[in-house]
Amino acid sequence: MNTQATLTAHFGYKLVDWYQSNSRDLPWRRTRDPYPIWLSEVILQQTRVVQGRPYYERFMQAFPDIHALAAASEKEVLALWQGLGYYSRARNMHATARTIVLEYGGKFPASYRELIGLRGVGDYTASAIASFAFDEQTPVVDGNVFRVLSRYYGIFEDIANPASRNLFKKAAAMAMPPGQAATFNQAIMEFGALQCTPVSPLCPSCPVNSTCYAFRHEAQSMLPVKNKKTQVKERHIHYVVLCRNGSIAMKERTGKDIWEGLFDFLEVEAGAAPDWPAVLPEDLARFSPTPVSGPAKHLLTHRRLLISFSMLELPETVSLPAELQWYTPGEIKELPKPLPINRFLKDFL
DNA sequence: AAGCCGGGGAA
DNA sequence: TTCCCAGGCTT
């Protein structure tokens, strides 16, 4: 065994050792059942454990197995997902539950190759399920793994470049102790989350600092290299809350846009003229809605939304624009809605 | 390869 | 403010 191979194997065993005494006790780590493992992995995509965990508990409570999830409506699933963001995860997860029930007889596919064919299951999630539930020797590469490996080995490849993923997968595979895929994969991610953190990593207490490139070269803050910056665009949205006899007009967002599948109000998006008065649809142009609140800032990763609300009591004689529908307060409670809509309903109605 | 898709917490 | 989180899909 050459020096490099010895070094990497040493690294993998050290991480596993570290994990045995430093890991958090998380519910999805107490099982080999692919259903809760898959559920937790989808919830935790781009999401911190502290943020995702309550959702995991609620989903397991509401849908204890794949059949329960498949039997639910997409609307129910989205409603439970409210506030977690990246709603396509919920829609894909629901579709995959139905696929597994209908095409796999309710039994989860048990290999990376099959898993990655499922909707909402990409390279990371397929490897995670395959290793955690089925002991397949396939390395996971997530944000934590990019960080740990780039620092330890001094890999300066841009992690935003999809091509560099293979390099990291090979490095992870070399470090993986034979027969310990599940533990090693958990270990390297947990190590990234708790020890080798993005800012101010805990190098003094790190078990592998003596052989870590970044520590030896004081390059922790330079790694991983990530060049692509997502630029944030501003977007002005004005909602006109149409009311009649205690009901409110809402619509489902259908286009390929933010909050697809969620419900909101009559929407007047202002391009060049960000502020009220917004231009109402032709049928409603003679009315003057009452401004209620906003514009309030709502930040997404890639958008800076400025949202304002006004209200209009719509006379019986005026018909509703086609895409809208009347909902009672009780019905509205059950609809999946974006966070700003929920905040408005809570504060002003 | 690049753009799109949420929301929150830490510094 | 900026960064990034147990990423994946579409174009």
Side-chain angles (χ1 to χ4, degrees), chain A residues 19 23-24 26-29 36-56 78 81-93 95-96 115-132 139-148 158-165 168 172 182 184-194 196-201 221 223-233 235 253 255-262 297-305 307 336-343:
Chain A
Y19 181 73
S23 63
R24 291 167 289 185
L26 301 171
W28 49 84
R29 287 180 176 159
I37 290 172
W38 165 66
L39 190 59
S40 69
E41 291 304 337
V42 174
I43 287 175
L44 292 172
Q45 286 166 7
Q46 295 296 96
T47 304
R48 291 169 198 279
V49 167
V50 287
Q51 187 188 359
R53 184 169 177 166
Y55 284 85
Y56 171 83
L78 278 171
W81 197 273
Q82 279 179 104
L84 195 55
Y86 287 130
Y87 297 93
S88 65
R89 290 184 293 170
R91 290 183 280 109
N92 288 333
M93 185 177 79
T96 286
L115 286 163
I116 203 166
L118 300 171
R119 282 172 64 178
V121 176
D123 174 64
Y124 164 76
T125 306
S127 287
I129 301 171
S131 61
F132 299 158
V140 292
V141 178
D142 73 334
N144 290 305
V145 176
F146 274 127
R147 187 168 58 256
V148 171
D158 185 354
I159 66 168
N161 181 358
S164 60
R165 171 178 289 271
F168 283 86
F184 172 79
N185 281 342
Q186 295 277 14
I188 191 169
M189 290 193 287
E190 190 77 336
F191 184 78
L194 301 182
C196 194
T197 51
V199 180
S200 309
S221 65
L223 293 166
V225 174
K226 189 177 178 185
N227 288 326
K228 194 167 51 184
K229 300 269 185 284
T230 61
Q231 67 167 323
V232 180
K233 291 174 186 165
R235 195 168 154 179
R253 298 182 65 89
K256 291 199 179 310
D257 192 7
I258 58 171
W259 301 326
E260 185 183 350
L262 277 59
K297 278 183 292 187
H298 186 76
L299 301 177
L300 309 181
T301 303
H302 59 303
R303 292 286 180 272
R304 174 187 162 87
L305 306 180
I307 306 176
K337 302 168 290 297
L339 224 51
I341 300 298
N342 271 326
R343 289 206 181 100

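Here is how names work: the chains are called A, B, and so on, in the same order as the sequence lines, proteins then strands, and each is numbered from 1.
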Handout entry: Any residue meeting ring pair (Phe, Tyr, Trp, His ring centres under 6.0 Å) with Tyr56(A), in chain and number order, not counting sequence neighbours
Key = Trp28(A)

Counting any heavy atom closer than 4.0 Å, what does [X] reach on the DNA or RNA strands: base, sugar-phosphate only, or nothing?
X         : answer
Ile43(A)  : nothing
Gly52(A)  : nothing
Arg343(A) : sugar-phosphate

Completion exercise
Comparing Ser200(A) with Gly85(A), nearest DNA chain B nucleotide closer to 5' gives the residue Gly85(A)

Handout entry: Nearest-nucleotide comparison on DNA chain B, the residue closer to the 5′ end among Val199(A) and Pro162(A)
Key = Pro162(A)

Are the side chains of [X] and [Y] in touch, meaning some heavy atoms are under 4.5 Å apart?
X         : Y         : answer
Arg89(A)  : Thr47(A)  : yes
Tyr124(A) : Val141(A) : no
Trp81(A)  : Ile43(A)  : yes

Practice task
Anything under 4.0 Å to a heavy atom of chain A counts; send over the first and last such nucleotide of DNA chain B, read 5' to 3'.
Solution key: dA1(B) to dG9(B)

Practice task
Indicate whether the side chain of Glu260(A) and that of Ser88(A) have a donor and an acceptor atom separated by less than 3.5 Å.
Solution key: no

Problem - Modelled atom types, side-chain donor and acceptor of Gln186(A) and Arg29(A), under 3.5 Å - result: yes

Practice task
Inspect the contact between Arg165(A) and Asp123(A) and indicate whether a charged nitrogen and a carboxylate oxygen are less than 4.0 angstrom apart.
Solution key: yes

Problem - Span that lies between the P atom of dA6(C) and that of dC5(B), in whole angstrom - result: 23 Å

Practice task
Please measure how far the P atom in dG8(C) lies from the corresponding atom in dG8(B), and state the result in whole Å.
Solution key: 22 Å

Exercise for the section: Give the B/S/- string for nucleotides 4-11 of chain C, one per nucleotide from 5' to 3', where a protein heavy atom under 4.0 Å of the base yields B, of only the sugar-phosphate yields S, and otherwise -. Expected result: BBBBSS-S

Handout entry: N/O donor-acceptor pair under 3.5 Å between Thr96(A) side chain and Arg119(A) backbone
Key = yes

